[in-house]
Amino acid sequence: MSLIRIQGARELHGTVQVGGSKNAALAILSGVVLATEPVVLRKVPNVRDVQIKTKLLEDLGARVHREGDTLTIDCSDLKRRDPDPELVRAIRTSFYLLGPLMARLGSAKLPQPGGCKIGARPVDFHVRGLKLLGAEIEYSAGYYSARADRLKAGEIYLDFPSAGATQHLMASAVLADGQTVIKNAAMEPEVVALADFLNRMGARVEGAGTSTITVTGVTSLKGCEFSIPSDRLQAGTLLLAGVATCGDVTVEGILPEYQGALLSKLKEAGAHVDVGHDWIRARGNPFLQAVSIKTMPYPGFSTDLQQPMAAVLTCAHGVSTVEETIYESRIGHVDELNRMGAKIRLEGRTCVITGVDHLQGTVVEASDLRAGAALVIAGLSARGETIVKNVQHIDRGYENFEETLRQLGASIERIPSDELETAQWSD
Ligand code: EPU
């Protein structure tokens, strides 16, 4: 077990390249089982959730080879076998394998998936959608067993534009008989990335990025090469770290149009934002103003950036509100930020944040991935030393996080947890 130690109150300056998207990679790593030929994926982040997903694929008979950020995956010899339940339970996207495995092998059995503890996270849309595609699904003793000789096309309406259900059902329909329509589909960039990947393999997916997706079934897919698009959440996190420290950070190699909601709110708060063809520069301002935020499905303000944004708003002038509408308990950052001197009051799912002059470093604990990112941002802006515990949550989704922040001038390092007792505190 290790900890992150930060000496705060240093402005971050500089330019960094953004790595491949964790959430796009995880969705694509379900789609790979549809192909009988090897697939080469570039810019695959080497984060813990991706490592778990590739281990899961190996359990199912895939041959996986990593060289740098390139993964070669050969699913030609996939086996109808139960993967290690602990791996399945460790991540949410393990469940997105159910439909594609069924499409390839005729049946599949997986336990209820896991993921960050930020709300109930049911899989009812996934199960209902697969049934509409002709699957027989039984749930018993914590396991879903699914069977279909060949999935058939269906018309699916999602009660909520779930990113995961859209990705899962879209991939499941690729080898189905006929034309499937998914209505009220999620429009997240990671859905578009998966559709692009599936089409590269020979699928016929249209409309990804809009609320209606059409999938015309094909009988087989071929191997392909595909580069994972950049991680908009990593980009957003780094920009927020720059703004929180009153610094000047540029993220490169990204699609700025995917950051619309974040950039609007940063500008509204008084940060200076410049945008180029594939880069964004954000500069902080000691007189940041309070803003109101409400998380929404894309293109609304991302739930994944609400905790990092809340960390920035702790020191904005006035009273900010951050309302979480996607998950019922994505609030693990609140008590910890308050331990650092923030003034955050919870009203239902809304954080009411009264800006303070500065945060003060202390020992805090990450409860989930984005709460961890929020605490690191808070630590970078706070006076004195911050120790973040439970950094395994951060490792789920940020590759080389400390190195990247160090490149920007942060004083941040990973230390063994037994050094906590000897760590020195400033008052
Ligand atoms: N939902 C249901 N039933 C379902 C599926 C979803 O009620 O069958 C609900 C969820 O409980 C939630 C809402 O729908 O309240 C949205 O969930 P969604 O399915 O969109 O989320 P997800 O696919 O499980 C992905 C990302 C999350 C991100 C959300 C929203 C991955 C691996 N995870 O989760 O990312 O917050 O979309 O954009 O792609 C993160 O990266 O930190 C993270 C949690």
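Note that ligands are numbered from 1 as they come in the structure, with each ligand's atoms numbered from 1 the same way. Here the structure is a predicted model, which means the values were calculated and not measured. Side chains included, hydrogens not; waters and symmetry mates left out as well; all remaining heavy atoms used.
Using a 4.0 Å cut-off to heavy atoms of Y96, the atoms of ligand 1 that qualify are 22 (P), 23 (O), 24 (O). Close contacts between ligand 1 and K22 involve ligand atoms 40 (C), 41 (O) [criterion: under 4.0 Å to a heavy atom]. Short contacts between ligand 1 and T93, defined as distances under 4.0 Å to a heavy atom of the residue, involve ligand atoms 32 (C).
Here F125 has heavy atoms under 4.0 Å from ligand 1 in both its backbone and its side chain. When heavy-atom distances to ligand 1 are checked against a 4.0 Å cut-off, I326 comes that close through both its backbone and its side chain. Heavy atoms of R330 found under 4.0 angstrom from ligand 1 belong exclusively to the side chain.
At least one N or O atom of A163, backbone or side chain, sits closer than 3.5 Å to an N or O atom of ligand 1. Backbone and side-chain nitrogen or oxygen atoms of P122 are examined, and one is located within less than 3.5 angstrom of a nitrogen or oxygen of ligand 1. Between L233 and ligand 1, a contact under 3.5 Å exists for no N or O pair. Checking only distances, R92 does come within under 3.5 Å of ligand 1, N or O to N or O. Here's the thing with Q167: none of its N/O atoms is less than 3.5 angstrom from an N/O atom of ligand 1. Checking only distances, A165 never comes within under 3.5 Å of ligand 1, N or O to N or O. Backbone and side-chain nitrogen or oxygen atoms of T303 are examined, and none is located within less than 3.5 angstrom of a nitrogen or oxygen of ligand 1.
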task = Tell me, with the steps shown, if E402 and R414 meet salt bridge (charged side-chain N to carboxylate O under 4.0 Å, His left out).
result = CA-CA 8 Å; E402 301 98 88; R414 201 167 275 235; 2.6 Å; yes
request  = Output, in order, the C-alpha distance, side-chain angles, deciding distance and verdict of side-chain contact (heavy atoms from CB on, under 4.5 Å) for Q407 and Q17.
outcome  = CA-CA 11 Å; Q407 260 184 54; Q17 286 288 327; over 6 Å; no
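The one candidate from T386, L375, T362 that meets the side chain to side chain contact (heavy atoms under 4.5 Å, CB included) condition with R339 is T362.
In terms of heavy-atom proximity, A241 sits nearest to L12 at CB-CD1, 3.8 Å.
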